[in-house]
Q: 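Attaching a single structure in structure tokens format; questions to follow.
Computed from heavy atoms alone, side chains included, the values below leave out hydrogens, waters and symmetry copies. First listed ligand is number 1; within each ligand, the first listed atom is number 1.
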Amino acid sequence: MIDIVKAQVSIIAMPLKQPFSTHLGTVREREAIIIELWDREGEVGYGETVAFSSPWYTEETVKTAYHIQKDFILPVVLQKKFAHPSEFTREFSSLRGNPMAKSGIETALWDLYAKKQGKSLSTILGGERNEVRAGAVVATQDVTDALKQIEQFSEQGFERMKLKISPANDVEFIKAIRREFPDVPLMADANSAYTLDDVDRLRALDEFDLLMIEQPLGTTDIVEHAILQKQINTPICLDESITNVHDVKSAIQLGSCQIINIKVGRVGGLTNAKQIHDLCQENQLQVWCGGMIEFGISKAHNLALASLPAFTLPGDLSPSTHYWEEDILDRPIEMEKGKITVPTLPGIGFSLNERRVEEVRLHKEIITSHMT
Ligand SMILES: O=C(O)CCC(=O)c1ccccc1C(=O)O
Ligand SMILES: [Mg+2]
């Protein structure tokens with residue numbers, strides 16, 4: 001039984017090494033909520049809430065997630081006992097939406113559960129890979145910058161590059177990159193910058209041999225992506241549109257995509273992420289693990305998830321030093337020749353570097369079971 005008696009919620013903030021720009025705006029500093037849950041025997045589980053400071057990618061923010069966690073999720077988690085972390089998802093099915101708030105806590109329960117079993121989170125989830133393939137995101141709207149970044153990322157060994165595109169920055173931008181790097185594995189992410197009126201523009205991207213185009217149309221759309229996929233050769237990958245297993249069923253039924261980007265936070269935790277993985281595997285859809293410009297706790301959860309068999313494509317998985325001067329883990333996550341080793345120690349295989357967390361912490365709150 002998982003019997004949580006104490007929770008510590010920390011809001012941290014750190015500048016990115018370089019700005020991360022999309023057509024929706026620029027991220028220069030990253031806030032996140034780090035969750036620590038202790039059970040009655042003193043074992044600790046770690047989770048990270050990946051909502052951003054503002055609602056540019058999805059509706060949640062650090063403040064909404066904090067509110068939902070503190071006022072609705074943690075009081076229940078501190079009262080209830082869970083036989084298995086998957087019970088969390090059922091327990092909070094009547095708490096609508098707020099997947100990142102849920103995920104921040106659910107993932108901590110998974111870490112704790114795996115540690116209690118003395119097994120790695122990868123093993124507990126059914127992982128089969130001992131290393132995963134890393135991919136880099138070129139998040140600049142400037143072609144000179146983009147060329148420089150791709151050069152650098154290739155030297156570092158990243159196995160694919162993802163370009164952030166929009167109607168203001170697509171055909172000419174990709175053409176300039178393809179001229180310099182004819183063979184680099186390349187994909188594009190539009191973060192919903194297009195509509196069906198742009199079919200000709202999107203068809204023009206077919207000549208660049210992109211591995212896929214991620215989320216070209218509306219953030220909640222499943223139907224129009226199916227219409228688009230019939231008119232372009234580049235495989236469509238859905239990100240924002242997939243929030244639960246039902247969305248995946250619809251996308252499969254309609255032929256809305258060939259690939260799915262699974263983000264633990266976007267789908268409300270590891271239980272749902274695994275269920276989506278299993279469904280994609282049964283239906284021969286390829287999946288990869290999406291990134292949220294995250295700190296090491298979420299990175300470690302991603303490594304465990306990406307070790308599952310259907311994660312055949314390189315993900316938005318990068319070492320600790322990719323975005324951060326110094327991450328918050330006891331030791332950095334490292335990449336070697338484009339691969340990151342899946343930890344074999346119990347749970348996520350990392351703990352927090354308390355000194356570093358202290359340096360970057362804006363706020364801390366401890367909640368115990370006799371307070372709720
Ligand atoms: O974590 C990364 O390496 C970046 C991944 C990325 O592109 C991204 C980062 C933040 C929000 C949305 C997205 C996205 O995939 O659309
Ligand atoms: Mg995306």
Q: Mark yes when over 12 heavy atoms from residues, nucleotides or ligands other than R203 sit less than 6.0 Å from its CZ; otherwise mark no.
A: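 Yes - once you tally the heavy atoms of other residues, nucleotides and ligands closer than 6.0 Å, there are more than 12.
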
Q: Just grab all the ring-ring contact (aromatic ring centres under 6.0 Å, His included) pairs involving residues 121-145, residues at least two apart or on different chains.
A: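 Listed by first then second residue: nothing to list.
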
Q: Assess the side chains of S53 and E31: does a donor N or O sit below 3.5 Å from an acceptor N or O?
A: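 Their side chains do contain a donor-acceptor pair, which is all the 3.5 Å distance test asks for.
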
Q: Return the orientation label for the F52 and Y57 ring planes: parallel under 30°, perpendicular over 60°, tilted otherwise.
A: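 Geometry flag for Y57 against F52: perpendicular rings.
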
Q: Hey, which of N191, T220, T219, T58 is the one that makes side-chain hydrogen bond (donor to acceptor under 3.5 Å, both in side chains) with E240?
A: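 Among the candidates, only N191 passes.
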
Q: Would you kindly say whether S241 and D221 are connected by a side-chain donor-acceptor distance under 3.5 Å?
A: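 Short answer, no.
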
Q: Counting no waters, what protein N/O/S atoms lie under 2.8 Å from the Mg ion (ligand 2)?
A: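 Correct list: D189 OD2, E214 OE2, D239 OD2.
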
Q: On a heavy-atom basis, which atom in F173 and which in K164 lie closest, and how many Å separate them?
A: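 Scanning both residues, the minimum pair turns out to be CE2-O, 4.1 Å.
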
Q: Quick one about E214 and N261 (side-chain donor to acceptor, distance below 3.5 Å, no hydrogens or angles considered), yes or no?
A: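 E214 and N261 do have a side-chain donor-acceptor pair below 3.5 Å.
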
Q: Can you name the residues that come within less than 4.0 Å of ligand 1, going by heavy atoms only?
A: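 These residues qualify: F20, F52, W56, Y57, V137, K162, K164, D189, N191, E214, D239, K263, G291, M292, I293, E294, D316, Y323.
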
Q: Quick one: side-chain hydrogen bond (donor to acceptor under 3.5 Å, both in side chains) partners of D3, sequence neighbours excluded?
A: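 Counting only residues at least two positions away or on another chain, D3 forms a side-chain hydrogen bond (donor to acceptor under 3.5 Å, both in side chains) with R40.
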
